[in-house]
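Each remark here refers to the structure printed beneath this line.
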Amino acid sequence: MIELAIPAGSLENALVAFRNGADAVYFGMKDFSARKAAINFSLEDLAKIRRFSFDNGKKIYVTVNTLVDDNNLQNAFQMLKQIEYYRPDGIIIQDLGLVEMIKENFPHLPLHGSTQLAIHNINGVKALKDLGFKRVVLSRELSLKEINAIRKAVPDIELKVFIHGAMCYGFSGLCMASFIKTGRSANEGSCAQVCRTWFTDKQSGRKFHPFSLKDLEAGESILELDELAIESAKVEGRLKGNEYVASVTRFYRSLLDGHRDIKMMHRTTFSRQRGNGYFQYCGPDHNRLTTCSYTGHMGILAGYLEKQSGRKIYINRECRINDHDGLMYLKKGGPDLVEAVKFPAKTLSDGALLLPSSERLETRTAIYKISDSTLNEKKPGLDIPEEKRLTPCNVQIAEKAVSLESAGIKREYEVDIEPSLNSEGEQRLKMILSQRGEGKNALEIERIDNLYPGKNFFINPKDMKNIRRDFCQALDKINDERTYRITSIEEDQGFVLPPRSAISSKHTPFQTDGIEIAGTTYITLDAVIYDEEKYYRRLEEKLEKMKGPVMIGLNNIGQVLFAKGHSQYGYFADIYLYLSNRECAKLLKNILQDNLKGGYLWIERADYESPWPFTPTIEKNFIPPLFISRSCYRHDSLGLDCKGCKKEHLFQLEQNGEEYEAYVKDCCTYVNKK
């Protein structure tokens, strides 16, 4: 059955999720987490949840899903070293520079590709598989049909799909709105949620929230994913509380267990207006994805107002309402915006509810239930034993000494060994050596070579405990001394790329028609490609007509497969194939060899630390799109009919005196600062 993976912003969250039926939890540590605002996990928390998961047959995944610059590679290494002690079931990463670091130094950490890598097609999944990834978290912007096509094309890698929670307007990993407008990088876990703020459409004069998407609630679609042999279903929400975690977990656990009469109480913990995201997406005339007038928590419908007398209102109740439940109604806050009026439920003897004021409401005004006073998830106890790192160890018993060998360390201990009449010596030795002491390591005895004359022996338990303590301290020291070292890199001057704006099309950073600069033709591949066969066929037709040297910009890891199959061209790492550090540059150079000529430094950085395999081009003036989205601004935000659409439109927007444009091409939207 498909795995149910639940977010855990804290140790409490994780234990609540497991208590309510989660198969797995995912969480971040204090650093390098895409949810910096969450409590996140300390090493002590990690040790506890690892022990709990082992004891209860559950899985844990640690997220390191941000980009890492050269200055922070050492810190990332140290954190990975600490995480490896506890052998999580997967490490979820965005930065490709960590791939070889993990494979070479921490082989017990299975690689999982973060949704921040914007993997949305077959080549993207195949490229990560080639790099040694065990699992890929797919982009949210995929239909069930497209997910099925990926599953069939790449059956030998695990896939994880989002099923519930907040939806980003832009592709995860490609969104630059927060950085451009506030300096806070979504690629470093500090998203300012610009997509939830208001803009004014200058043509219509509407002031609204055009980029705020409905929350995703897949519901029974999780069963379809199970039928498609998807390995894991993922709920979003590491910033949510225990009640959210508990109720959402129970909702999907019940569905997976075959129950259909399910209460929707999870919607009272947090839920914007809901939809099924892109699961049923079919291009034109799809269900609108945005919630433009109100971006907050909607809860569930409590009923519609039938009668009002002063502060007393009577509604046709759609659900149970208890005193102290949270209620809300929406009123106009402008021509196209609404405001929430929230109040605690107070039921009178005649069945009426009491409003906070005598404001007159229109008949049929919707009253929403936004919290349930009966939902009070009991806090779990946190007094859990901590997990030790189990290190395989071989033991040899000689006439006067005991030898231990593990992780490249071998030590011999002289000790008094006496002959014995019983044969329990090996069993007692294994039991004592396997006990867990104060250090980070515990020994997992794999083999005992008994060379003692007569085989039966006795060793004082105190001596064996001292041997165990000394050997585990040696293991701790060896692991603590491991550090990030820059491997030998032959530096190359690299190819100096032109200003990024010089090789863009008019409204997007991408173009395949070719722009010639100083005798070289530059092409920049789209970061998002759904119909790969059609896209690359057209690209090949264009390339055949071009003369002279051609340089092609790669904007997604999946595009390296095209590059490997077309070695007659030169390539560079473009702005969305983030060159965040030297290790990332080295990885791409190893894949494409001399065909990779250079690349743009991660656009949110203005400097780097040598050595690099090539000199990256630093771009200080180019402003990328705020959003690259599969949501159509014309249809989803403005609500215009798709009939007669010309597939290409340009709209003007404004916010606090700053002007923007929303360019729509083939149902996708690019939002640029003017």
Side-chain angles (χ1 to χ4, degrees), residues 29 31-32 43 46 60-114 116-117 126-136 157-158 389-393 405-410 440-441 444 474-492 557 560 564 573 577-593 596 599 602 608-614 616:
M29 305 302 289
D31 297 312
F32 306 108
L43 287 174
L46 174 57
I60 63 170
Y61 306 113
V62 180
T63 63
V64 187
N65 52 345
T66 61
L67 296 179
V68 183
D69 59 22
D70 293 304
N71 289 321
N72 281 305
L73 284 172
Q74 180 65 259
N75 294 334
F77 185 97
Q78 294 301 317
M79 188 184 69
L80 289 167
K81 181 173 68 176
Q82 293 169 329
I83 291 172
E84 192 203 25
Y85 276 122
Y86 305 105
R87 306 283 179 93
D89 298 284
I91 188 89
I92 304 171
I93 68 168
Q94 174 188 11
D95 197 308
L96 295 172
L98 301 181
V99 172
E100 292 304 317
M101 179 187 290
I102 291 172
K103 288 165 64 175
E104 292 175 8
N105 298 282
F106 313 110
H108 298 295
L109 293 179
L111 284 167
H112 291 197
S114 169
Q116 290 287 116
L117 282 164
K126 286 183 175 179
L128 291 191
K129 176 179 174 293
D130 290 348
L131 287 174
F133 281 74
K134 179 182 178 182
R135 174 179 287 184
V136 177
I157 188 172
E158 295 180 4
R389 175 177 177 172
L390 291 178
T391 305
C393 179
E405 184 175 5
S406 176
I409 302 175
K410 184 174 182 178
K440 297 177 181 178
N441 284 276
E444 185 177 31
L475 288 174
D476 287 348
K477 184 178 179 181
I478 289 294
N479 284 313
D480 288 341
E481 289 176 349
R482 286 189 300 167
T483 186
Y484 168 67
R485 291 182 175 85
I486 301 173
T487 56
S488 177
I489 297 177
E490 185 177 343
E491 294 191 63
D492 183 8
I557 186 61
V560 300
K564 289 174 70 174
L577 188 57
Y578 297 114
L579 284 181
S580 48
N581 54 62
R582 69 175 70 89
E583 297 295 337
C584 179
K586 187 173 72 172
L587 175 75
L588 295 174
K589 189 71 174 176
N590 288 341
I591 294 172
L592 298 179
Q593 300 295 316
L596 184 70
W602 175 19
Y608 65 98
E609 286 188 2
S610 292
W612 272 50
F614 52 81

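No hydrogens, no waters, no symmetry mates; every other heavy atom, side chains included, goes into these values. Numbers for residues simply follow the sequence, beginning at 1.
- The two atoms that bring Asp476 and Tyr85 nearest to each other are O-OH, 4.0 Å, heavy atoms only.
- Applying the side chain to side chain donor-acceptor pair (under 3.5 Å) test to Lys103 and every residue at least two apart in sequence or in another chain returns Glu100.
- The minimum heavy-atom distance linking Leu577 with Ile557 is given by the pair CD1-N, 3.7 Å.
- Side chain of Arg582 to main chain of Asp70: no donor-acceptor pair is present (N/O by atom type, distance under 3.5 Å, no hydrogens or angles).
- Residues Leu96 and Leu117 form a side-chain contact, since some pair of their non-hydrogen atoms from C-beta on lies under 4.5 Å apart.
- Between Leu596 and Ala573, the shortest heavy-atom distance links the atoms CD1-N, 3.9 Å.
- Pairing each heavy atom of Leu579 with each of Ala585, the nearest pair is CD2-CA, 3.8 Å.
- Side-chain polar atoms of Gln74 and Gln78 form a donor-acceptor pair below 3.5 angstrom.
- Proximity of a side-chain donor or acceptor of Asp89 to a complementary backbone N or O of Ile60 within less than 3.5 Å is detected.
- Residues Met29 and Leu43 are in side-chain contact: their nearest non-hydrogen atoms beyond the backbone lie under 4.5 Å apart.
- Every residue was checked against the salt bridge (Lys or Arg N to Asp or Glu O under 4.0 Å) condition with Arg87, not counting sequence neighbours, and none meets it.
- Looking at Leu131 and Leu587, their side chains come closer than 4.5 Å, going by heavy atoms from C-beta outward.
- In this structure the side chain of Ile92 reaches within 4.5 angstrom of the side chain of Ser114, judged on heavy atoms.
- The two residues Asn65 and Gln94 have their closest heavy-atom pair at O-OE1, 3.4 Å.
- Scanning both residues, Tyr578 and Cys584, for their nearest heavy atoms gives O-SG, 3.3 Å.
- Side chains of Val62 and Tyr86 form no contact here, defined as non-hydrogen atoms less than 4.5 Å apart.
- Residue Leu80 holds its CG atom at 12.0 Å from OH of Tyr484, rounded to the nearest 0.5 Å.
- Using a 4.5 Å heavy-atom threshold, the side chains of Arg482 and Phe77 count as touching.
- Remark: Lys586 pairs with Glu583 by the salt bridge (Lys or Arg N to Asp or Glu O under 4.0 Å) rule, at least two apart or across chains.
- With a 4.5 Å cut-off on side-chain heavy atoms, Ile93 and Phe133 count as touching.
- When the salt bridge (Lys or Arg N to Asp or Glu O under 4.0 Å) test is applied to Glu158, the partners found at least two apart in sequence or on another chain are Arg135.
- With rounding to the nearest 0.5 angstrom, the CE atom of Met101 is 12.0 Å from the NZ atom of Lys81.
- In this structure, Lys134 has no salt bridge (Lys or Arg N to Asp or Glu O under 4.0 Å) partners at least two apart in sequence or on a different chain.
- Applying the salt bridge (charged side-chain N to carboxylate O under 4.0 Å, His left out) test to residues at least two apart or on different chains, none of the pairs has a partner in residues 90-99.
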